[in-house]
J.: 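Below you will find the structure I want to go over with you.
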Amino acid sequence: MTRRSLMKSAGQVSLGLAARSLWPSLALAEQTGNMTTSQRPVAADRKFHSAAVEEFITQTSKRVADPELAMLFANCYPNTLDTTVEPGTFEGKPDTAVITGDIAAMWLRDSSAQVWPYLPFASKDPALRALLEGVIRRQARCILIDPYANAFMADLSAPALEGSRKDKTDMKQGVGERKWELDSLCYPIRLAHGYWKQTGDVKPFDARWRQAVTLIVATMRVQQRKHGEGPYRFQRVSDVATETLPSVGYGNPVKPVGLIASGFRPSDDACIFPFLVPANLFAVTSLRHLAEMAHAILHDEALANDAQTLAAEVEQALRQYAIAPTKAGTIWAYEVDGFGSQLLMDDANVPSLLGLPYIASSPDAALYARTRSFVWSEQNPWFFHGAAGEGIGGPHEGKDMIWPMAQIIYALTSTSDTEIRRSLVMLKASSAGSGFMHESYFKDDPKRFTRTWFAWANTLFGELVGHLAATRPELLHE
């Protein structure tokens, strides 16, 4: 199965919501269930144990005055380690697969994001450091199998996800799904760079990793499409338009202006205009991080210069083609084609326009502030407001479905106590008494949600609470 075809949970929980809106009073939803009981697997059933992470959970939970919010944090933060990691070895070195949760496949994006919040503990927990090293090594192996694939099977000898087996594309052994998403090659660099900065460890960055990141830069250059569409094509028989690419699988036309084309968004939905702006901004950051590592670790000046040059070219093209005029001033467009067409919207999945500072990819604070105001409003066609909350969704789950991930990113990128408080209220209600985050929920009723086990959203929520405990502890004392 694919994410789209996964059977969605109806979220059967005994939580009642008041009919009144959360806005502007931000009144808490009326609750009938007890949300203060741990929903974690029993210790013997957890996939991985980290003493450092457990200590962080204990200490942070003590700093959260609301017992239900504290338990939500304690359930969510370790969810990736509890339920989705598969540590092992390959050629005598750490090798870690990380599934998304309710789909038994490893997305390059999700696996990077799921383990990201644990990086600060890697230097004090050798077992955790080895597990993270294993993720980096596994990702390098996957990229070398196919740099255009977004997802790989945890068992690389297993058949592809069922919904991918008839796709018209060049499927390789080990690939779960082959949707070309530019951010899929950015996230492994983000994780590798973060790991190096936190630990100083360079063991994962061996000849295989060098080969993989060299392929990343080469693939990005091909997808600038200066010499034709390139080798990647994708078509799927589906009654959902965003599941396949037009123009015989190449996507809509682009003018080669220096930006990097992406077939699909981080939601796994097809791009309308292939130059996906938040992914290109993320690529600029990732290429510069790679250049730093190529210079300092690999001593490969050719690779470092290639990455730096490509980053500069993409950044210049973004400035020229990806900024759109509005009545309130210029903002980042979401997608462009180089011919002058610009799509003004945002999607909940990261990289998003909302999430640019979170991934260190917002080079202009004023431009971001105007963009933020636009996308967190009804000017964004995928922004929804209802009795249960407000936030950004996307075509993947459709109209009126809010993604908690967007609400978390809204708080993580906010400098406003009011916005953060508002987000915490909505996120707590969005759990619908389950003790976990979900992929999306109906704007008027959080009991109508999708995906009971979505580890990225869970761990990201835990990251938010941990971040607030360190930077704005007073908001958790209320």
Side-chain angles (χ1 to χ4, degrees), residues 35-41 43 46-85 98-102 109-122 124-125 128 131-132 135 187 190-191 194 198 348-350 355 358-359 403-414 420-421 423-439 451-473 475-476:
M35 294 172 60
T36 59
T37 302
S38 175
Q39 300 299 314
R40 296 179 65 183
R46 295 172 190 170
K47 297 283 189 177
F48 185 84
H49 173 83
S50 166
V53 170
E54 294 299 329
E55 177 64 17
F56 178 73
I57 294 169
T58 299
Q59 295 305 318
T60 302
S61 297
K62 292 177 180 177
R63 304 175 72 178
V64 183
D66 181 342
E68 293 178 353
L69 190 64
M71 186 53 68
L72 191 58
F73 163 75
N75 289 335
C76 288
Y77 186 74
N79 188 243
T80 288
L81 296 181
D82 282 354
T83 66
T84 70
V85 297
V98 185
I99 65 171
T100 69
D102 50 17
R109 169 185 52 257
D110 293 43
S111 61
S112 302
Q114 285 169 240
V115 301
W116 176 263
Y118 308 131
L119 288 178
F121 310 106
K124 64 183 74 171
D125 186 332
L128 179 62
L131 179 133
L132 295 169
V135 178
Y187 267 105
R190 180 183 189 241
L191 178 63
Q198 287 286 347
N349 287 262
V350 182
Y358 172 70
I359 53 174
W403 286 53
M405 181 182 295
Q407 295 170 330
I408 297 167
I409 292 294
Y410 185 62
L412 279 168
T413 57
S414 179
I420 296 170
R421 289 190 188 98
S423 298
L424 291 174
V425 169
M426 293 187 294
L427 288 164
K428 179 179 167 183
S430 80
S431 175
S434 68
F436 293 101
M437 294 291 105
H438 302 122
E439 178 188 51
R451 298 189 73 174
T452 57
W453 180 20
F454 184 28
W456 181 8
N458 286 330
T459 312
L460 187 65
F461 174 78
E463 181 181 358
L464 169 62
V465 175
H467 171 73
L468 294 177
T471 62
R472 295 174 182 257
L475 297 183
L476 300 177

J.: Which heavy-atom pair separates Phe73 from Pro78 by the least distance, and what is that distance?
T.: O-CD, 4.1 Å
J.: Going by distance alone, is a donor N or O of one side chain under 3.5 Å from an acceptor N or O of the other, for Thr100 and Arg451?
T.: yes
J.: Could you pull out the closest heavy-atom pair between Ala122 and Leu128, with the gap in Å?
T.: N-CD2, 4.1 Å
J.: Taking the side chain as every heavy atom from C-beta outward, state whether Gln39 and Thr37 have any pair of such atoms under 4.5 Å apart.
T.: yes
J.: Atom CG in Leu72, atom CG in Leu427: separation rounded to 0.5 Å?
T.: 8.0 Å
J.: Check whether any side-chain heavy atom of Ser430 sits under 4.5 Å from a side-chain heavy atom of His438, and report yes or no.
T.: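 Counting from C-beta outward, Ser430 and His438 never come under 4.5 Å.
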J.: Could you state the interatomic distance from CG (Leu412) to CD (Glu463), rounded to the nearest 0.5 Å?
T.: 6.0 Å
J.: How many angstroms lie between atom OH of Tyr358 and atom OG1 of Thr413, to the nearest 0.5 angstrom?
T.: 11.0 Å
J.: Testing Thr459, Thr84, Thr80 one by one against Val115 for a side-chain contact (heavy atoms from CB on, under 4.5 Å), which residue passes?
T.: Thr80
J.: At their closest point, which heavy atom of Ile409 faces which heavy atom of Gly355, and how far apart are they?
T.: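 Scanning both residues completely, I find the closest heavy atoms to be CG2-CA, 3.5 Å.
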J.: Enter the distance from Ile359:CD1 to Tyr187:OH here, rounded to the nearest 0.5 Å.
T.: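 Going from the CD1 atom of Ile359 to the OH atom of Tyr187 covers 5.5 Å.
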J.: What pair of heavy atoms forms the shortest contact from Asn349 to Met405, and how long is it?
T.: CA-SD, 4.1 Å
J.: If I compare all heavy atoms of Gly435 with all of Cys76, which pair ends up nearest, and what's the gap?
T.: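 That closest heavy-atom pairing would be O-SG, 3.8 Å.
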J.: What are the two closest non-hydrogen atoms of Asp66 and Lys428, and how far apart are they?
T.: OD2-NZ, 2.6 Å
J.: Working to the nearest 0.5 angstrom, can you tell me the gap between Leu468 CG and Arg421 CZ?
T.: 11.0 Å
J.: Checking Asp125 now: which residues fulfil salt bridge (Lys or Arg N to Asp or Glu O under 4.0 Å) with it, not counting sequence neighbours?
T.: none
J.: Kindly write out the residues that satisfy side chain to side chain contact (heavy atoms under 4.5 Å, CB included) with Ala469, not counting sequence neighbours, or none if the list is empty.
T.: Thr60, Arg63, Leu476
J.: Just to verify, what does Trp116 make a side chain to side chain donor-acceptor pair (under 3.5 Å) with, not counting sequence neighbours?
T.: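 Partners of Trp116 under the side chain to side chain donor-acceptor pair (under 3.5 Å) test: none.
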J.: I'd like to check Phe454 versus Asp102 (side-chain heavy atoms, cut-off strictly below 4.5 Å). Are they in contact?
T.: no
J.: With Phe121, which residues qualify under ring-ring contact (aromatic ring centres under 6.0 Å, His included), at least two apart?
T.: Phe56
J.: For Glu55, check side chain to side chain donor-acceptor pair (under 3.5 Å) against everything at least two apart and list the hits.
T.: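 Partners of Glu55 under the side chain to side chain donor-acceptor pair (under 3.5 Å) test: Gln59.
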J.: Quick check: does any side chain N or O of Ser434 sit under 3.5 Å from a backbone N or O of Ser431, one acting as donor and the other as acceptor?
T.: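 Yes; judged by distance alone, with no hydrogens or angles, the pair exists.
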J.: Applying side chain to side chain contact (heavy atoms under 4.5 Å, CB included), can you list everything that pairs with Thr471, at least two apart in sequence or on another chain?
T.: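 Expected list: His467.
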J.: Can you tell me how far apart CD1 (Ile408) and CG (Asn458) are? Round to the nearest 0.5 Å.
T.: 8.0 Å
J.: Tell me, please, which residues at least two apart from Tyr118 pass side chain to side chain donor-acceptor pair (under 3.5 Å).
T.: none
J.: Go through the structure and list residues passing side chain to side chain contact (heavy atoms under 4.5 Å, CB included) with Ser111, not counting sequence neighbours.
T.: Val98, Met106, Gln139
J.: Run the side chain to side chain contact (heavy atoms under 4.5 Å, CB included) test against Thr83 and tell me which residues pass, sequence neighbours left out.
T.: Pro41, Asn79, Trp453
J.: Begin from the C-alpha positions of Val85 and Val135 and carry the test side chain to side chain contact (heavy atoms under 4.5 Å, CB included) through to its verdict.
T.: CA-CA 9 Å; Val85 297; Val135 178; over 6 Å; no
J.: Not counting sequence neighbours, which residues clear side chain to side chain donor-acceptor pair (under 3.5 Å) with Arg40? List them please.
T.: Glu54, Asp82
